[in-house]
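From a predicted model like this one, the values you see are computed outputs, not experimental measurements. Only heavy atoms go into these numbers, but all of them, side chains included; no hydrogens, no water, no symmetry mates. Protein chains get the first letters and strands the later ones, always in sequence-line order, with residue 1 at the start of each.
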There are 2 protein chains.
Amino acid sequence: MMSNGNGHTTMKDVARLAGVSPATVSLALGNDPRVNIKTRELVREAADKLRYIPNEIGRSLRSQKTETIALIIPNTSHHVFSHPYFAKLLEGITEVLNENEYNLLLSTTAEESDEQSAYEKVLRNRRADGVIVSSASLYDRNFLRLVDSGFPVVYLGPWSNNDIYTVERDDVTGAFSATNHLLKLGRRKIVHFTGPLNHQVWRDRLEGYRLAHQQNQISINEELVIEKDLSVQAGYEGVAELLDRQIPFDALFAGNDLMAIGAMKQLLERGIKVPEQISVVGFDDIDMASMFHPTLTTVHQPMKQTGILAAQKLLGVLNGREDIEKKTVLQTKLMIRESCGG
Amino acid sequence: MMSNGNGHTTMKDVARLAGVSPATVSLALGNDPRVNIKTRELVREAADKLRYIPNEIGRSLRSQKTETIALIIPNTSHHVFSHPYFAKLLEGITEVLNENEYNLLLSTTAEESDEQSAYEKVLRNRRADGVIVSSASLYDRNFLRLVDSGFPVVYLGPWSNNDIYTVERDDVTGAFSATNHLLKLGRRKIVHFTGPLNHQVWRDRLEGYRLAHQQNQISINEELVIEKDLSVQAGYEGVAELLDRQIPFDALFAGNDLMAIGAMKQLLERGIKVPEQISVVGFDDIDMASMFHPTLTTVHQPMKQTGILAAQKLLGVLNGREDIEKKTVLQTKLMIRESCGG
DNA sequence: ATCACCTTTTAAATCGATTTAATTAATTAA
DNA sequence: TTAATTAATTAAATCGATTTAAAAGGTGAT
């Protein structure tokens, strides 16, 4: 089958079979108008016959394009793949990339500490034409360096100035609506499980929580705001601790659905009724949210859509389109189900 | 910062600064003993100063290695990322790849029909050194062609002969243990939601289901074996149809946990008690399985471990190791929880 | 001083494509 | 018929590295 000693058909092989030069093959396959139509057909036939597929590495080197974009998630594989958010995000991204014949290079960090490697590995050695970066820590200097170097980037999350392309949610409003809903239901002691506060997303959701209290003129017991690691386990244990310490609360606004689910599990096991005794609201609206009993009230965020928009935006930038808005803000929606009562 | 007009530091730049030839730079950075120690230090300093990182594309072209492996999943993005199995698989794979400084190229198919594109895109154009293929349809000829071409492949699933590297589960035994457990509990009319039967995995699980009946000398009502699409929705609707058609059954063995969860939801909504009236058993043991009420009895399969082993196996093959076993069979384990009673 | 033999360094080929500039062939104009 | 113009093809440079083979420099023996 193969034409050269190396095991694969190259442009040279096609050229030889078609009786033309490699340059002509390249131009013919690229539909360059300079090459005669008859010659083009000849080349096409030869290429088909040899089942020629261009070597992307060679092409990339010359054209300085890789037809690949990288998704950098400055976090461990375990964290990334435990959270349904990322699966949905990937679904959206890959869908767009498949349509446009782009490849996806996926990069997570081995160690939580050195976020650097994820960046360096993909970027400085030019394996991708552009990058989507999933919200990094506020103190991540690598990201800034990356942007400064002029590398095409789409950032998932809010960014302080208007210099970079972002796809973000209105987390403040989302968290506000959840908390406000609980307050309107008459809940007064609302626990909030937040995520690591060195990420903007968790600051914003906490902000929304505070804003709702403020607007309803309810003061917050700071003891009820607890930083957790976003896992089901964290929610499960978090509630256990509250109950063990006999800290009174009548509602829980979890920073994400996983923690909400863990929390509900603990409450169920302790015989505490949701929503009768404790109202629970989550954030994300993962597929499973409506499968639990009670079904989980939560703030819906368009996870897949985020991926789609981010990928489209990046491809737009790579294709030199000028009409791309820097900032895309997606709205959230409170999905009222059973876990909050009312 | 950058040294040439192109925006990036190349080997030439380092050579110029160090006052040596590019060849020497290459050898020096590769720790070749031919180059004088003092020269090597000189080159190192120059490289550091310019923050030189080799261009992988150039390196790949010459060395015919990409330091990248591809994961091919002949299915749509939607299917892939809706199933927790793939997330866990990815977790295992990326963990190993990160440790070994390999990159991951992820390939799904745009259209369910043309499985071909997923293969062609990654393989014939040599963007990866090797591939992990997630169980393909039994009729997928692309996979065979791929193997024939000598491309390093690890296949996830059983394969008829011993020619190719596989990581597989003992699905028959797993399904047997689940079904057998239900039979031992006295259940006699066990519904089985299976997946597409053109994939070996679903044939095997069905086989296990049959075997258990056979061994317990119970005959199967073929009406209870129903082919579904593996989604939560499918389980939900599948049960609805059975109930609406008033087909009697006292247990359900779902081919995967998602369908089991959907089924339990439907039963709950109809006021049918699990496990008192109907016993439910799933397959996979996804994280959520123990979060439901009742907690889901299911057949545990080591999803992450599958990814780890597959990646290690492929890297082993790529490194020319000879001691790698062709076939790795992982065992499953029945996790008895609440949903089956007893 | 010449030759042989190391040790270092470097020129040049190579990987597989693309693209510019030059060449050749064909056509038209003078 | 010859020059000018256009069309089609190709040689050669290029992308950024690696690697082989050749060259240069140094040492010691004869």
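Residue B:Ser26 is classed as a base contact, given a heavy-atom separation below 4.0 Å to a base. Residue contacts for B:Thr39: at a heavy-atom cut-off of 4.0 Å it reaches the sugar-phosphate backbone alone, with no base atom in range.
The nearest whole Å value for the distance from the CD atom in A:Glu56 to the P atom in C:dT18 is 9 Å. Atom CG in A:Asp13 sits about 11 Å away from atom P in C:dC15, given to the nearest Å. Here C:dT10 presents its C1' atom at 15 Å from NZ of B:Lys12, a figure rounded to the nearest Å. Rounded to an integer number of Å, the gap from CZ of A:Arg40 to C1' of D:dT9 is 15 Å. Rounded to an integer number of Å, the gap from A:Asp32 CG to C:dT20 P is 10 Å. One can place CD of B:Gln64 at 11 Å from C1' of D:dT18, the figure rounded to the nearest angstrom. In this structure, CG of A:Leu27 is placed 19 Å from P of C:dG16, rounded to the nearest angstrom. Residue A:Asn55 contributes atom CG, which lies 13 Å from atom C1' of C:dT14 at whole-angstrom precision.
Nearer the 5' end of DNA chain C, as judged by each residue's closest nucleotide, is the contact made by A:Met11, out of A:Arg34 and A:Met11. Nearest-nucleotide mapping onto DNA chain D: of A:Thr24 and A:Leu61, the residue sitting toward the 5' end is A:Thr24.
The structure places OG1 of A:Thr66 at 7.5 Å from OH of A:Tyr102, a figure rounded to the nearest 0.5 Å. Summarising the geometry, atom NZ belonging to B:Lys88 is positioned 10.5 Å from atom CD1 belonging to B:Ile308; distances are rounded to the nearest 0.5 Å.
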### Message
Let me check I have this right: for DNA chain D, each base becomes ., (, ), [, ] or |, based on Watson-Crick or G-U pairs with both distances under 3.5 Å. What is the full string?
### Response
||||||||||||||||||||||||||||||
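Contact annotation: side chain of A:Arg62 to base of D:dT14, donor-acceptor pair present below 3.5 Å.
Closest contact between the side chain of B:Ala23 and the listed nucleotides C:dA11, D:dA17, C:dA17 involves C:dA11.
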### Message
Go through it in stages, so that I can follow the logic: the residues are A:Leu97 and A:Ile69, the test is side-chain contact (heavy atoms from CB on, under 4.5 Å), and I'd like the CA-CA distance, side-chain angles, deciding distance and then a yes or no.
### Response
CA-CA 8 Å; A:Leu97 296 188; A:Ile69 75 142; 3.6 Å; yes
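B:Lys313 and B:Thr328 share a donor-acceptor pair across their side chains, judged by distance under 3.5 Å alone. Looking at A:Thr108 and B:Asn98, their side chains do bring a donor and an acceptor atom within 3.5 Å of each other.
By the 30° and 60° cut-offs, the orientation of the rings of A:Phe143 relative to A:Tyr155 is tilted.
With hydrogens and angles disregarded, no donor-acceptor distance shorter than 3.5 Å links the side chain of A:Lys49 to the backbone of A:Arg44.
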